[in-house]
Amino acid sequence: MRFHTFLLKYGEIGIKGKNRHLFEDALVRQVRYALKDVDGEFQVYKSQARIYVDCEGEYDYDDTVEHLKKVFGLVGICPVVRMEDQGFEQLKKDVVAYMDEMYEDKNFTFKVESRRAKKSYPKNSMEISRDLGEAILYAFPEIRVDVHHPDVMVNIEVRNEIYVYSQIIPGAGGMPVGTNGRAMLLLSGGIDSPVAGYMISKRGVGIEATYFHAPPYTSERAKQKVVDLAKKVAKYSGPIKLHVVNFTDIQLYIYDQCPHDELTIIMRRYMMRIAEHFAREDGCLGLITGESIGQVASQTMQSLAATNDVCTMPVYRPLIGFDKQEIVEVSEKIDTYETSIQPFEDCCTIFVAKHPVTKPNIDVIRRSEEKLAEKIDDLMKEAIDTVEIIEVK
Ligand code: ATP
Ligand code: MG
């Protein structure tokens, strides 16, 4: 079947009043972004509370659908056949031919639902539905009508042309990116943080990211892995401005000055401070991490409190109540899992203590950090000044 257009359905929640056009405009923008690398020419526009994608000429159907399924805010993707208006008798034939081609086996129930956007059309929507339903029934002996719970809803929209669709491919849900501000993701090479970024982005939030590496203790390949993960998340969230921070000197200094069982917590606190600096610079409204209560020593309630202590922005931790297996399932769904499990060293694992504190006391941690007074400001400034920015698309 050759489809000429996609009709994109979005949820109604949160788009009342003047929010509606912001929501729709963001959706149009995200749909255009999603299709920019797909083979084909696409016209994306809104009309009468719907969003349409017209496909001009040849295009890659499967790839188009695959990309549309990653646009947050869409709840359904309907491939449409457009038929020229050549009178109702011809329409009946065309719709019967559509049903024949779409459904090899006709042993199911159906209902026709019509919408007359072009008010000058000679039949009203009730008559269109009734007469087309009759034509379909007449053409295929096995098919049955069920007006309450049909297996297949055949939708007819009368515009300048007649739009026919009966398939709804589930969309990604959520809200269009760009309708809820921006936040800074602390992105490591692990399983959790890409999933955390995906989940916050799903609520309409644009994403930036910060990655801390520690060359030569961590390799170029570990960094490339993070860039690859950012690319996968960007398929949903749109472009990600990735800040790559050289954390080596700060880590070595902490290692020299502070008790080793507190290393991870203190390192985490400096990560949060630096990420927050970039977040503020770029107008982000919060930080995002992949933490989940109790997953490791640095994620006990006490550790999370100690990490949180240095942040003035809200820290969003969408995985906070997730078990590892649940996180893995999402990472498989969004195709980050295979990349995340590539075995490259992480800057935290290299300097990690054998027996890290699991119940850090914030006052004790603050006092330990006083031992860094001599150089830490300069080292922070150096790390911030030498940041490498990668625009991930
Ligand atoms: P992940 O799978 O996301 O790495 P994890 O289970 O390995 O998580 P931790 O290493 O304790 O957990 O990290 C907790 C959170 O801190 C991460 O989810 C991430 O948001 C942030 N983080 C950790 N290491 C880094 C890093 N090198 N660069 C940026 N953020 C980091
Ligand atoms: Mg990690």
Side-chain angles (χ1 to χ4, degrees), residues 183-201 207-215 217-219 221-230 232-233 240 242-248 250-251 254 263-279 284 286-304 306-308 310-311 313 315-320 322-328 330-332 334 336-353 356-358 360 383 387-388 390:
M184 175 65 75
L185 169 66
L186 282 91
L187 180 62
S188 70
I191 295 172
D192 306 333
S193 44
V195 172
Y198 160 85
M199 289 183 65
I200 295 296
S201 184
I207 299 284
E208 294 197 13
T210 303
Y211 166 61
F212 297 90
H213 70 152
Y217 303 97
T218 64
S219 64
R221 291 179 70 192
K223 174 175 136 189
Q224 185 56 43
K225 174 180 168 181
V226 172
V227 174
D228 292 344
L229 286 170
K232 302 231 167 190
V233 176
I240 295 177
L242 173 63
H243 304 68
V244 179
V245 177
N246 186 329
F247 205 49
T248 314
I250 293 177
Q251 272 189 312
I254 299 172
L263 282 181
T264 310
I265 295 294
I266 295 176
M267 260 164 39
R268 221 8 88 59
R269 284 163 59 99
Y270 279 97
M271 284 186 183
M272 298 305 258
R273 289 176 170 113
I274 293 174
E276 191 173 288
H277 170 90
F278 292 122
C284 294
L287 304 173
I288 308 166
T289 73
E291 290 158 316
S292 144
I293 293 174
Q295 198 189 73
V296 286
S298 57
Q299 297 177 27
T300 61
M301 294 282 274
Q302 292 85 349
S303 298
L304 290 168
T307 311
N308 216 62
V310 299
C311 302
M313 277 187 192
V315 182
Y316 296 105
R317 301 179 172 90
L319 308 181
I320 202 71
F322 276 44
D323 293 343
K324 194 75 189 187
Q325 186 51 36
E326 292 170 312
I327 302 171
V328 166
V330 183
S331 76
E332 284 172 334
I334 66 170
T336 51
Y337 182 73
E338 290 300 327
T339 308
S340 289
I341 59 172
Q342 289 170 9
F344 299 123
E345 62 298 308
D346 179 77
C347 71
C348 304
T349 45
I350 288 162
F351 295 90
V352 82
V357 280
T358 54
V387 65
E388 179 193 358
I390 302 176

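Remember, it's 1-based here, ligands and their atoms both numbered in the order they're listed. No experiment lies behind these values; they were computed from the predicted model shown.
- At a heavy-atom cutoff of 4.0 Å, ligand 1 is contacted by the side chain of Ser298 but not by its backbone.
- Looking only at side-chain heavy atoms (C-beta outward), Arg268 and Thr289 stay at 4.5 Å or farther from each other.
- Of the polar atoms of Met271, none of the N or O atoms is found under 3.5 Å from an N or O of ligand 1, judged by distance alone.
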Could you walk me through whether Ser193 and Ser188 pass side chain to side chain donor-acceptor pair (under 3.5 Å), step by step?
CA-CA 6 Å; Ser193 44; Ser188 70; 3.2 Å; yes

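- When side chains are defined from C-beta on, Val226 does not count as touching His213, because their heavy atoms never get closer than 4.5 Å.
- Within ligand 1, the atoms closer than 4.0 Å to a non-hydrogen atom of Leu187 are 28 (N), 29 (C), 30 (N), numbered from 1 in the order shown.
- For the pair Ser188 and ligand 1, the shortest N or O to N or O distance falls below 3.5 Å.
- Proximity to Thr289 (heavy-atom distance under 4.0 Å) selects the following atoms of ligand 1: 20 (O).
- With atom 11 (O) of ligand 1 as the reference point, the heavy atom nearest to it among Glu291, Lys324, Gln299, Arg317 is part of Gln299.
- Two residues are said to be in side-chain contact when any heavy atoms from C-beta on lie closer than 4.5 Å; Glu208 and Phe278 fail this criterion.
- Counting heavy atoms from C-beta outward, Ile254 and Arg269 have side chains that stay 4.5 Å or more apart.
- Between Asn308 and Met272, every side-chain heavy-atom pair lies at or beyond the 4.5 Å cut-off.
- Counting only heavy atoms from C-beta outward, the side chains of Gln302 and Thr358 never approach each other to under 4.5 Å.
- Side chain to side chain, Gln342 and Asp228 fail the donor-acceptor criterion of an N or O pair below 3.5 Å.
- Taking every heavy atom of Ile191 and a limit of under 4.0 angstrom, the matching atoms of ligand 1 come to 2 (O).
- Near Thr210, meaning under 4.0 Å from any of its heavy atoms, are these atoms of ligand 1: 29 (C).
- The Ser193 neighbourhood of ligand 1 comprises atoms 1 (P), 3 (O), 18 (O), 19 (C), 20 (O), with distances under 4.0 Å to a heavy atom of that residue.
- A 4.5 Å side-chain heavy-atom check between Phe322 and Val195 finds every atom pair outside the cut-off.
- Numbered from 1 in the order shown, with element, the atoms of ligand 1 that lie under 4.0 Å from a heavy atom of Gly290 read 17 (C), 18 (O), 20 (O).
- Looking at His213 against ligand 1, nothing comes within 4.0 Å, counting heavy atoms.
- Close contacts between ligand 1 and Gly190 involve ligand atoms 1 (P), 2 (O), 4 (O) [criterion: under 4.0 Å to a heavy atom].
- For ligand 1, the polar-atom distance check against Pro194 finds no nitrogen or oxygen pair separated by under 3.5 Å.
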